[in-house]
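Below: one structure in structure tokens.
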Amino acid sequence: MKAKVLLASLFFFMILPSKLLAQKNKRPNIIFILTDDQSYGMMGYTGNKIIQTPNLDILAKKSVFFTNAHVSSAICTPSRVSILLGQFERKHSVNFNSATSVSKEAWSESYPVLMRNAGYYTAYIGKNHSPIGKNGYESGLVEKSYDYWYASHGGVYFYPKEKRAIYKDAIANTQVEILEEGVNQFLDPNARRLKGAISFLDSRPKDKPFLLNLMFNIPHGATTSTMKQRPEDDEIYRSLYRDVEIPLPKNYIAKADIKTPKLPAEIHHTKDRQTGYDYVDVPETLRERYIRQLQCITGIDRLVGQLRKKLKKLKLDKNTIIIFTSDHGLFMGEYGLGGKAFCYEKTTHVPLFIYNPMQRKGITSDALVQTIDIAPTILSLGGVKISSAMQGKDLSGFVNDKPFKVRDYLYTENLWSTTFGNPRCESVQTKEWKYIRYYQNNNVSAIEKAKLARQFNISQRIMLYEVHPSQFAVYRSFVEGPIYGEKPVYEELYHLTEDPNETQNLIDNAEYKNVLKELKSAWKIEIKNARGTEKPKVDIYTNMNSNV
């Protein structure tokens, strides 16, 4: 009897490792796709009647599609760091004006690192706009954090080979198509090898699930501004949409026709706006830029279609989850505004869906979700413990056909208040209402800085874009000021269900005083929750010697 028990025990322990391996192999592959500057309405599925996004639309219909998804900060770096760490900017404290980078300690709790530590084979392809490590983009820490790296810091540009050495060996010349080459190499052992790609293995191991991060730099303004409709460019980027009547956006106002600015001049210094957004000032340049944005998103759509075919060919389609969203939206002349870095719907509201091939049918949810929810959701879907440092919510219940109420109030913020005129602001909203508050804007004028640069022969880059460590003190005052009593100098209240375009400020309407009282109370709680209680885990960082 004892011998039988001993043999049974030995057999159990012999098969245990193979059972564990089998369980690991059942974990889903995950592909996370992030676009840049794609507002909610820039897909056929979200109501755009002009754009051609057939592959994204089909995928969205089969997914959990969130109609009420928002970013936490509507500008590239803080939004992307928030996605990686699952935290509000007020906690992670990294922005263009913060003089900080993500510390090694903070990075160790990011979803890419945690997934890799848990046995996922990880890749990063495209745009990295998150300074990570003691020397930021020059630290080399982020490249070493993935098994496969085919990416560049800052912008990828529309013609990447002209700006970034890592892409020079690609066959294609345009961004989407070059990044697709990287995707193919990562997924397919028989694909052409790219000399620029950094890979720690010759090919993706078949006994490991994978996590692929595909990060675009389009339809970002700096990228679409460089499109040249070259003869060798794909037809999409040369002629698509050029024979279509392009209507102006709803509530569009040309610069010459602005009578009353959307925000008071002392709050938003519109004259200091970055010149890269001047295309919104007149209808002709606005339409040209919009066409280019549509072309870029259609290019991404085609890649998504090709990606799904590749997954099917490699027999990976039945076990690969796809998550799609954008880092923020973009104003296109609505109310005369250009750029991002506000708390309005046009800049914070983005498409977000999660496609699970095992799910029987698509689900549409109006739950209040945010891009900080992506990190804990990816970890949960991969069977990995969610870091206690994360502030986002795990949305995997929706993927597993168990929808739930995610949050009562959704909080967004803009701490990028600089020489380019944007105001500091925060907002808190429900499905029905939004409250926004603004603070005094004492930033030195970009126009005056540029004038000084010319007079004293100083580089415009140094004068306008370099960040000195001493600016960390100013940034910290932005973070802590409202929590410790700094008063707003301007406020807005919008009835989103009746006024989704935020045209009528109801802040002084006595009829809604109870709504305002509720949202102000919620703001007080949400901003403290966003800040957290710990000192931010950052390294002081300057871009004075950076190439990014």
Exercise. When rounded to the nearest 0.5 angstrom, what is the spacing between OG1 in Thr226 and CD in Glu162?
Worked result: 8.5 Å

Exercise. Are Lys340 and Asp327 ion-paired here, with the side-chain N under 4.0 Å from a carboxylate O?
Worked result: no

Exercise. In this structure, are over 12 heavy atoms from other groups packed under 6.0 Å from Lys271 atom NZ?
Worked result: yes

For this session: With the side chain counted from C-beta on, respond yes when Gln370 and Phe88 share a heavy-atom pair under 4.5 Å apart, and no when they do not.
Result: yes

Exercise. Does the side chain of Arg476 come under 3.5 Å of the side chain of Ser93 through a donor N or O and an acceptor N or O?
Worked result: yes

Exercise. Between Thr67 and Asp366, does a side chain to side chain donor-acceptor pair (under 3.5 Å) hold up when you go through it step by step?
Worked result: CA-CA 5 Å; Thr67 61; Asp366 68 348; 5.7 Å; no

Exercise. Quick check: does any side chain N or O of Ser380 sit under 3.5 Å from a backbone N or O of Thr377, one acting as donor and the other as acceptor?
Worked result: no

For this session: May I ask you to decide if the ring planes of Tyr465 and Phe420 are parallel, tilted or perpendicular, using 30° and 60° as cut-offs?
Result: tilted

Problem set entry | Pair Lys91-Glu534, salt bridge (charged side-chain N to carboxylate O under 4.0 Å, His left out): steps then yes or no | CA-CA 8 Å; Lys91 178 172 182 175; Glu534 297 179 342; 5.1 Å; no

For this session: On the 0 to 90° scale, with breaks at 30° and 60°, tag the Tyr137-His153 ring pair as parallel, tilted or perpendicular.
Result: tilted

For this session: Check each of Val113, Ile125, Leu211, Thr122 against Tyr146 using the side-chain contact (heavy atoms from CB on, under 4.5 Å) test, and report the only one that passes.
Result: Thr122

Problem set entry | Backbone of Ala530 reached by a side-chain donor or acceptor of Arg90 within 3.5 Å | no

Exercise. Does the pair Glu492/Lys434 count as a salt bridge with the N-to-O cut at 4.0 Å?
Worked result: no

Exercise. Do the charged groups of Asp539 and Lys104 touch, with an N to O distance under 4.0 Å?
Worked result: no

For this session: Rounded to the nearest 0.5 Å, what's the gap from CG on Asp37 to OG1 on Thr347? Could you check?
Result: 10.5 Å

Exercise. Taking Tyr335 as the fixed residue, which of Thr503, Ile258, Thr260 is the one that meets the side-chain contact (heavy atoms from CB on, under 4.5 Å) rule?
Worked result: Thr503

For this session: Indicate, with yes or no, if the rings of Tyr45 and Phe353 have centres closer together than 6.0 Å.
Result: no

Seminar exercise, completed: So OG1 of Thr298 and OH of Tyr237: to nearest 0.5 Å the spacing works out to 8.5 Å

For this session: Please check if any side-chain donor atom of Glu109 sits under 3.5 Å from a side-chain acceptor atom of Ser387, or the reverse.
Result: yes

Exercise. In terms of the angle between their ring planes, are Phe331 and Tyr344 parallel, tilted or perpendicular, with boundaries placed at 30° and 60°?
Worked result: perpendicular

Exercise. Would you say the side-chain atoms of Asn443 and Thr418 include a donor-acceptor pair closer than 3.5 Å?
Worked result: no

Exercise. Under 4.0 Å between a Lys/Arg side-chain N and an Asp/Glu carboxylate O for Lys250 and Glu334?
Worked result: no

Exercise. What's the shortest heavy-atom distance between Pro376 and Lys393, and which atoms?
Worked result: CG-O, 3.6 Å

Problem set entry | Separation between CD of Glu526 and CZ of Arg531, rounded to the nearest 0.5 Å | 15.5 Å

Exercise. Between Leu415 and Ser73, is any pair of side-chain heavy atoms under 4.5 Å apart?
Worked result: no

For this session: Answer with yes or no whether the side chains of Gln175 and Asn217 bring together a donor and an acceptor at under 3.5 Å.
Result: no

Exercise. Looking at Tyr439, Tyr411, Tyr438, which one forms a side chain to side chain donor-acceptor pair (under 3.5 Å) with Glu426?
Worked result: Tyr439

Problem set entry | Nearest atoms (heavy-atom pairs only) where Val369 meets Leu410 | O-CD1, 3.3 Å

For this session: Mind telling me whether Trp416 and Phe96 have parallel, tilted or perpendicular rings, with 30° and 60° as the class edges?
Result: perpendicular

Exercise. Does a side chain donor of either Glu518 or Tyr409 reach within less than 3.5 Å of an acceptor in the other side chain?
Worked result: yes

Exercise. OG1 of Thr542 to CG of Asn135: how many Å apart, nearest 0.5 Å?
Worked result: 10.5 Å

Problem set entry | Salt bridge present between Glu486 and Arg424 (N-O < 4.0 angstrom) | yes

For this session: Check whether any side-chain N or O of Ser427 sits under 3.5 Å from a backbone N or O of Tyr435 as a donor-acceptor pair, and report yes or no.
Result: no

Problem set entry | Separation of Leu34 CG from Lys127 NZ (nearest 0.5 Å) | 8.5 Å

